[in-house]
Amino acid sequence: MHSAVLLIEFGSIILGLGLLGRFAGRFGISPIPLYLLAGLAFGTGGLLPLGASEEFVATGAEIGVILLLLMLGLEYTAGDLVTNLKSHYPAGLVDCAFNALPGAVAALLMGWGPVAAVVLAGVTWISSSGVIAKVLGDLGRIGNRETPVILSVLVLEDLAMAVYLPIVTALVAGAGLMTGSITLAIALGAAGLVLFVAVRYGRVISRFVSSDDPEKLLLVVLGLTILVAGVAQQLQVSAAVGAFLVGIALSGEVAEGAHTLLSPLRDLFAAVFFVFFGLHTDPASIPPVLLPALALALLTAVTKIATGYWAARRAGISVKGRWRAGGALVARGEFSIVIAGLAVSAGIEPSLGPLATAYVLILVVLGPLTARFTEPLATRFFRRRDDLDRPGGAPEGAPREAEASVGD
């Protein structure tokens, strides 16, 4: 009987996610907020709490996090990462200062303590690579001159995750200074070793994993990833970091083939992860933190726009391209929830999960709008201001500045 209820509940979850994804696609929005709302509806304090499938959903959610980080690792080669670090690290430092500090300060002002401050700093810092990549594709901006700048910022954030997640894992586990230092040293050592091996022996690893049979390739890559993630977690290093490093180590045709095969699994289990996070957030706990979440969302939307503008200006991009870069970086999503989930699981601060949920819901909806409208609104505002500053105002029929081309 329990098995039948499990199948019914889990089947209903998957079917519901599919319908929500179809609905989101019809209106050109990210499905992430709908997945979170679905979790809120069927979790603790929701309309119809689930019982039999909760443990199974928890396992699926953990696999979802692993696949999210694996797929990110597959997007980059070790050489790309080294190049980005050398060329664009100032943008990464500005990104961290502008967007992590507001979260940390907000947590301290609310009296949550230093551990919660470190966690909330990560929630407000990391942009959603998945949402941003989809928005850039939908807007036809993949070939724009500012797009490499956007991707560089995202790559640096992904790299920072390899250092940040072990720190957060140690902090939320209550590890002391010595234990936390050892954990961080292991994580940095593992990341450095994997990057070295990937640069020197990436082709050898890829040949070992490679297979013309899609089934064998899928099983080997998935099995290797989960194995490494488990070993990383056993060493008190985040499983997600282990998965990310596996993705970096694979390159060429193997990475492309694995990306194609694993994309549907990633989408499935990532959706389950968002539902799982919502399941463990009581909807009644969101209204008390809605105003702080809204204020933090608006503040960090502005700081992300400033980050993108500064990074694009440093790269020599035109003014319109700078505004487009800033607006594209606003969306938060999967990683903000991953980071908050670590603290929620450890019981660090009861209000942190609801605030993170509300924060992501706001910015995952606002992000595509800022990506689309920041540049035209900024252009109109500054043009109007220039007209007002001009003696006698703008003369009637004065020629307007030519619109920038798509690759501007």
Evaluate the side chain to side chain donor-acceptor pair (under 3.5 Å) criterion for residues Thr379 and Glu375: first the C-alpha distance (whole Å), next the side-chain angles of each, then the deciding distance (0.1 Å), finally the verdict.
CA-CA 6 Å; Thr379 301; Glu375 180 262 319; 3.3 Å; yes
Kindly indicate whether the side chain of Val123, heavy atoms from C-beta on, has any atom under 4.5 Å from the side chain of Leu296.
no
Heavy-atom closest contact (Val149 atom, Ala315 atom, distance):
CG2-CB, 3.7 Å
Looking only at atom types and distance, does a side-chain atom of Arg141 sit under 3.5 Å from a main-chain N or O of Ala328, one as donor and one as acceptor?
no
Could you give me the CA-CA distance, side-chain angles and deciding distance for Leu20 and Leu37, then say whether side chain to side chain contact (heavy atoms under 4.5 Å, CB included) is met?
CA-CA 10 Å; Leu20 289 174; Leu37 290 174; over 6 Å; no
May I ask you to check whether over 12 heavy atoms, not counting those of Asp212, lie within 6.0 Å of atom CG?
no
Using atom types as modelled and distance alone, determine if a side-chain donor or acceptor of Ser127 lies under 3.5 Å from a backbone N or O of Leu329.
yes
Side chain Asn144, main chain Glu146, donor-acceptor under 3.5 Å
no
Does the Thr124 side chain pair with the main chain of Ala121, one donor and one acceptor, at a distance under 3.5 Å?
yes
Centroid-centroid distance, Trp323 to Phe382, less than 6.0 Å:
yes
Within 6.0 Å of CD in Glu349, more than 12 heavy atoms from elsewhere:
yes
Restricting to non-hydrogen atoms, name the atom on Gly60 and the atom on Val272 that form the minimum distance, rounded to 0.1 Å.
C-CG1, 4.0 Å
Walk me through whether Leu218 and Leu265 qualify under side chain to side chain contact (heavy atoms under 4.5 Å, CB included).
CA-CA 10 Å; Leu218 172 64; Leu265 285 177; 4.0 Å; yes
Could you report the tightest heavy-atom contact between Val209 and Leu224, atom names first, then the distance?
CG2-CD2, 4.5 Å
Taking all non-hydrogen atoms of both residues, which atom of Ala284 and which atom of Pro287 are closest, and how far apart?
O-CD, 3.5 Å
Quick check for you: to the nearest 0.5 Å, what is the distance between Glu256 atom CD and Leu74 atom CG?
10.5 Å
Side-chain donor-acceptor distances from residues 353-369 under 3.5 Å, at least two apart:
{"from": "Thr357", "atom 1": "OG1", "to": "Gly353", "atom 2": "O", "distance (Å)": "2.9"}
{"from": "Tyr359", "atom 1": "OH", "to": "Thr300", "atom 2": "OG1", "distance (Å)": "2.7"}
{"from": "Tyr359", "atom 1": "OH", "to": "Arg332", "atom 2": "NH2", "distance (Å)": "3.4"}

Check step by step if side chain to side chain contact (heavy atoms under 4.5 Å, CB included) holds for Ile126 and Tyr164.
CA-CA 11 Å; Ile126 306 296; Tyr164 174 82; 5.9 Å; no
Closest non-hydrogen atom pair, Trp125 against Glu157:
O-OE2, 3.4 Å
Heavy-atom nearest pair, Gly308 first then Ala325, reads O-CB, 3.8 Å
Would you say that Thr59 contacts Glu62 through its side chain, given a criterion of any heavy-atom pair below 4.5 Å between the two side chains?
no
With a 4.5 Å limit on heavy-atom distance, are the side chains of Leu222 and Leu67 in contact?
yes
Quick check for you: to the nearest 0.5 Å, what is the distance between Asp95 atom CG and Leu156 atom CG?
8.0 Å
Please test Ile348 against Val119 for side chain to side chain contact (heavy atoms under 4.5 Å, CB included), starting from the C-alpha separation and ending with a verdict.
CA-CA 10 Å; Ile348 295 300; Val119 173; 5.7 Å; no
